[in-house]
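Below is one structure, written out as structure tokens; the observations come after it.
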Amino acid sequence: MELIINGKKGNYPDGQNALDILAGLDGDIKKNALAAKLNGEVIELAAPIHEDGELTFITFEDDDARHVLRHTASHVLAAAVKKLYPNAKLAIGPAIDTGFYYDFDVEEPFTPEALDAIEKEMKRIIKKNEREVRFTLPRDEAIALMEEHGEPYKVELIRDLPEDEEISFYKQGDDFVDLCAGPHLPSTGRIKAFKLLSIAGAYWRGSEKNKMLQRIYGTAFTNKEDLDEYLAMIEEAKKRDHRKLGRELDLFDVLDEGPGFPFFYPKGMVLRNVLEDYWRKVHVQAGYQEVKTPMILSRELWEKSGHWENYRENMYTTRIDDQDFAIKPMNCPGGMLAFKRRMWSYRDLPVRMGELGLVHRHEKSGTLHGLMRVRCFTQDDAHLFMTPEQIKEEIIGVFNLTDQVYKVFGLGYKVELSTRPEKSIGTDEMWELATEGLRGALDEIGVPYQVNEGDGAFYGPKIDFHLRDSLGRTWQCGTIQLDMNLPERFDLSYIGPDGEKHRPVMIHRVVYGSIDRFIAVLVEHFAGAFPLWLAPVQAKILTITDRADDAARSLKQKLTAAGLRVETDLRNEKIGFKVREAQMLKIPYMLVLGDQEAENGTVSLRTRSGKTINGLMQDEVMEGLVAENDSQALEGHWN
RNA sequence: GCCAAUAUAGCUCAGUUGGUAGAGCAGCGGUUUCGUAAACCGCAGGUCAAGGGUUCGAGUCCCUUUAUUGGCUCCA
């Protein structure tokens with residue numbers, strides 16, 4: 001069989017596989033060969049076979065190869081749905097990080113039972129090992145074909161493609177044809193392991209104004225072991241869900257009585273306070289002052305800031321003495337007033353004013369999610385006022401502070417830059433200057449970042465820090481927003497070296513983001529097994545019999561005096577039972593006291609990881625605990 | 001807000017085709033004084049999310065509302 005690789009003709013003898021072909025190619029062509037290594041095994045990927053037998057080869061990294069596998073699986077899903085529901089209209093079906101999905105317009109939503117039937121049909125198609133064949137058509141013929149197939153969504157997609165482009169399709173087996181840029185696996189039999197996971201509603205083209213379609217999610221792997229491992233991983237991840245651990249570890253909860261309004265219990269408050277104490281410490285070091293502004297402020301203020309106009313629907317309001325007031329959804333207007341209280345000299349700048357501010361927002365019911373998305377939360381806010389010359393340095397300062405804080409917790413993060421949205425206030429010049437300020441700072445720091453066009457705040461562009469939860473979903477935590485609009489609206493000024501009034505530039509920023517959300521991230525990150533300095537209970541003293549009670553009480557007193565958070569368990573229970581309970585509460589250290597220890601002033605120390613060290617002197621343990629606590633270590637001293 | 005699923009004791013869950021609610025753990029009361037992940041016995045605990053309907057009879061079927069979960073949209 002003759003083939004053409006990047007315009008060069010070559011041979012693809014029968015019986016030769018992609019690996020052989022790859023080995024025979026030189027660098028440039030090899031880069032474009034259609035084969036990939038997946039788990040070390042080279043697999044052949046779908047050759048876009050033209051009717052004249054011409055082949056084009058493209059290479060992929062492992063991730064891309066998995067992508068192709070999943071993309072092909074989504075088309076098998078579409079074929080199965082079309083078989084079982086001939087009236088279903090096809091929308092889109094891409095591969096995603098964790099698998100794939102396909103959107104359908106069907107008369108009746110899919111039921112969980114339908115999912116099983118679809119899965120069965122997919123297995124049948126895979127077993128038949130149907131060939132995936134690519135072909136292209138000119139635009140109008142492509143539209144005609146999809147109209148003939150009764151696929152209005154596909155027609156709409158083609159109409160949005162560039163006019164002069166050939167449209168590519170894949171034919172799978174005898175009768176299933178789908179619009180697709182490809183590539184695909186050469187045949188359906190290559191899908192060795194897949195599973196449909198869930199059904200969800202999703203708007204056509206992601207717009208609330210459009211029809212809601214039915215989306216089926218699934219995942220696929222090259223072998224069953226990988227699939228099983230993935231499914232087991234999901235189950236494992238569910239165990240570290242902060243909503244579950246929050247209840248189990250008695251930290252916090254969200255009750256039906258207050259949807260989106262979380263309760264923090266004593267142990268949760270310890271964690272919260274540790275985070276706040278640490279926050280205050282690093283912010284004082286970074287030259288911040290702290291303020292507290294009111295929770296309820298007048299409607300006029302929110303009109304001036306623009307929030308009344310832009311976020312009225314999401315604000316809780318109240319009336320006092322026949323006047324409209326709003327419960328603050330943000331701290332910035334209050335921050336403006338706190339800055340405006342006096343006259344500032346350029347010598348005073350930058351002014352950095354922090355505030356742990358409790359804000360309330362009416363989030364839509366369907367968006368609430370444990371502590372990650374709530375209706376009231378504390379922002380570790382700060383507003384920085386500066387001259388235009390200080391912008392870059394201040395942004396870099398905030399970035400480094402955020403990086404420093406995340407590192408202490410061992411958290412990795414993703415950086416995104418969001419630019420001017422459609423709904424915005426301020427002049428083009430301001431947006432240009434602000435956006436370039438952020439971009440310039442990121443480039444100077446040299447951190448990789450993703451640009452989200454049009455995703456900025458209505459008053460300015462922003463840099464966001466995203467953290468992952470246990471299931472890999474990302475949540476925005478830190479943010480740095482350059483705001484050149486509010487200083488204008490609030491007529492802020494400082495006196496420059498020339499003795500004239502000048503407009504300061506403002507940065508609005510958070511590091512944790514929401515303390516509540518950050519706690520959720522931390523719980524999932526550590527699976528509830530916090531490092532010593534964060535642990536609500538750092539050590540539990542367990543007695544073997546009540547003969548050690550006095551020794552336990554005095555040890556607790558000593559450790560508490562040294563600034564440690566210690567509890568005793570003097571119950572009349574067996575030591576195994578006490579250990580089990582402390583273990584389930586993920587307490588870092590258990591200090592076991594029996595007759596022997598009570599007599600010679602030692603403890604038997606047991607770590608959370610199950611390691612036991614007998615006969616440690618109590619003073620030695622105390623010193624070790626204090627040192628570990630002060631160092632904010634992620635790893636335990638005795639591990 | 002939208003699509004779907006779910007809601008039974010503090011927690012995790014059983015409850016057959018409609019016949020009037022059950023287990024384990026936790027809790028409480030006893031007994032047990034015991035060396036590193038569960039001692040034994042007993043007791044108590046529920047307007048089956050709320051409201052309405054069908055039925056002789058509803059935890060089971062239907063409707064509405066609320067909340068939760070997974071997505072979508074949104075997220076200053």
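These numbers come from a predicted model, not from an experiment. Order of the sequence lines fixes the chain letters, A, B, ..., with proteins taken first and strands second; residue numbering starts at 1 for each chain.
- In this structure, Tyr101(A) reaches neither bases nor backbone, as no heavy-atom distance under 4.0 Å exists between it and the strands shown.
- As a whole-Å value, the separation of Met590(A) CE from A37(B) C1' is 8 Å.
- Counting non-hydrogen atoms under 4.0 angstrom, Glu597(A) reaches a base of the nucleic acid.
- Distance from the side chain of Ser198(A) is smallest for G70(B) among the nucleotides G35(B), G70(B), C72(B).
- The listed nucleotides are A76(B), G35(B), C72(B); the one nearest the side chain of Ile575(A) is G35(B).
- When the nearest nucleotides of RNA chain B are assigned to Met584(A) and Met212(A) by heavy-atom distance, the more 5′-ward of the two goes with Met212(A).
- Residue contacts for Gly576(A): at a heavy-atom cut-off of 4.0 Å it reaches the sugar-phosphate backbone alone, with no base atom in range.
- Between Arg509(A) and Asp483(A) no salt bridge is recorded (no basic side-chain N to carboxylate O distance below 4.0 Å).
- In this model, the phosphate group of A37(B) is approached by a side-chain N or O of Arg606(A) to a distance below 4.0 Å at OP1 or OP2.
- The side chain of Thr367(A) contributes no N or O atom lying less than 4.0 Å from OP1 or OP2 of C74(B).
- Taking only side-chain atoms of Lys364(A), from C-beta outward, the nucleotide of G71(B), C74(B), C3(B) with the closest atom is C74(B).
- Rounded to whole Å, the P atom of C40(B) lies 10 Å from the corresponding atom of A26(B).
- With Asp241(A) as the partner, the salt bridge (charged side-chain N to carboxylate O under 4.0 Å, His left out) test is satisfied by one option alone out of Arg243(A), Lys244(A), Lys238(A): Arg243(A).
- Residues satisfying the salt bridge (charged side-chain N to carboxylate O under 4.0 Å, His left out) test with Asp97(A), not counting sequence neighbours, are none.
- Summarising the geometry, the separation between CG on Leu467(A) and C1' on C75(B) is reported as 16 Å, rounded to the nearest angstrom.
- If you check every strand for non-hydrogen atoms under 4.0 Å, Asn614(A) touches a base.
- For the OP1/OP2 pair of A76(B) and a distance below 4.0 Å, the side-chain nitrogens and oxygens of Lys462(A) include at least one atom meeting the criterion.
- Using a 4.0 Å heavy-atom cutoff across all strands shown, Gly306(A) reaches no nucleic acid atom at all.
- When the C1' atom is compared between C74(B) and G52(B), the two are found 34 Å apart, to the nearest whole Å.
- In this structure, His71(A) has its ring center closer than 6.0 angstrom to the ring center of His75(A).
- Closest heavy-atom contact between Ser609(A) and Asn639(A): OG-OD1, 2.9 Å.
- In this structure, Asn310(A) places its CG atom 11 Å from P of C75(B), rounding to the nearest Å.
- Contact annotation for Arg243(A): backbone-only contact, meaning every heavy-atom pair under 4.0 Å involves sugar-phosphate atoms and none involves a base.
- Residue Ile544(A) places its side chain closer to C34(B) than to any other of A76(B), C34(B), U69(B).
- Taking atom C1' on both nucleotides, G22(B) is separated from C62(B) by 27 Å, rounded to a whole Å.
- Evaluated for a side chain to side chain donor-acceptor pair (under 3.5 Å) with Gln583(A), the options Lys540(A), Arg606(A), Arg608(A) yield exactly one hit, Arg606(A).
- A gap of 38 Å separates the C1' atoms of U47(B) and U73(B), to the nearest Å.
- Look at CG on Asp250(A): it is 12 Å from C1' on A26(B), rounded to the nearest Å.
- For the C1' atoms, the distance from C63(B) to G19(B) is 24 Å, rounded to whole Å.
- Contacts of Ala202(A) with the nucleic acid, taken as non-hydrogen atoms under 4.0 Å apart, involve only primed sugar atoms and P, OP1 or OP2.
- Residue Glu257(A) contributes atom CD, which lies 13 Å from atom P of A50(B) at whole-angstrom precision.
- The gap from the P atom of C75(B) to that of C13(B) amounts to 35 Å, rounded to the nearest Å.
- Comparing A76(B), C34(B), C72(B) against the side chain of Lys574(A) picks out C34(B) as the nearest.
- G18(B): no Watson-Crick or G-U partner with both key distances under 3.5 Å is found in any strand.
- Residues passing the ring-ring contact (aromatic ring centres under 6.0 Å, His included) test with Phe263(A): none are found, sequence neighbours excluded.
- The CD-P distance, from Gln476(A) to A76(B), rounds to 6 Å in whole Å.
- Scanning atom types as modelled, no donor and acceptor separated by under 3.5 angstrom connect the side chain of Tyr203(A) and the base of G71(B).
- The phosphate of G70(B) (OP1 or OP2) has a side-chain N or O of His369(A) nearer than 4.0 angstrom.
- Aromatic rings from Phe100(A) and Tyr102(A) are positioned such that their centres are separated by 6.0 Å or more.
- Counting heavy atoms from C-beta outward, Val505(A) and Phe385(A) have side chains that stay 4.5 Å or more apart.
- With a cut-off of 3.5 Å on both pairing distances, the Watson-Crick or G-U wobble partner of A7(B) is U66(B).
- Using a 4.0 Å heavy-atom cutoff across all strands shown, Glu573(A) reaches at least one base atom of the nucleic acid.
- Distances from the side chain of Arg215(A) to the nucleotides A39(B), G1(B), C72(B) place C72(B) closest.
- For Arg473(A), counting side-chain heavy atoms from C-beta on, the closest listed nucleotide (G70(B), C11(B), U33(B)) is G70(B).
- Pairing for G59(B) is absent, with no Watson-Crick or G-U wobble pair whose two atom distances lie under 3.5 Å.
- Spacing between atom CD of Gln214(A) and atom P of C72(B) amounts to 14 Å, rounded to whole angstrom units.
- Nucleotide C2(B): paired with G71(B) (Watson-Crick or G-U wobble, both distances less than 3.5 Å).
- When the nucleotides G35(B), G1(B), A76(B) are ranked by their closest atom to the side chain of Val592(A), G35(B) comes out on top.
- Residue-nucleotide stacking is not present for Phe577(A) and A39(B), judged by a side-chain ring centre under 5.5 Å from the six-membered base ring centre and planes under 30° apart.
- Summarising the geometry, the separation between CG on Asp464(A) and P on A76(B) is reported as 8 Å, rounded to the nearest angstrom.
- Residue-level contact check: Phe110(A) touches neither bases nor backbone, having no heavy atom under 4.0 Å from any strand.
- Across all their heavy atoms, Met122(A) and Leu196(A) have their closest contact at SD-CD2, 3.9 Å.
- Annotation: G10(B) and G53(B) have their C1' atoms spaced 33 Å apart (nearest Å).
- Taking the nucleotide of RNA chain B with the nearest heavy atom to each of Pro259(A) and Arg373(A), the more 5' of the two is matched to Pro259(A).
- Taking the C1' atom of each, U17(B) and C61(B) are spaced 12 Å apart, rounded to whole Å.
- Checking A26(B) for Watson-Crick or G-U wobble geometry (two distances, each under 3.5 Å) identifies no partner in any strand.
- Of all nucleotides listed (C72(B), A37(B), A76(B)), A37(B) comes nearest to the side chain of Gln583(A).
- Of the candidate nucleotides U68(B), U33(B), C75(B), U68(B) has the atom lying nearest to any side-chain atom of Asp256(A).
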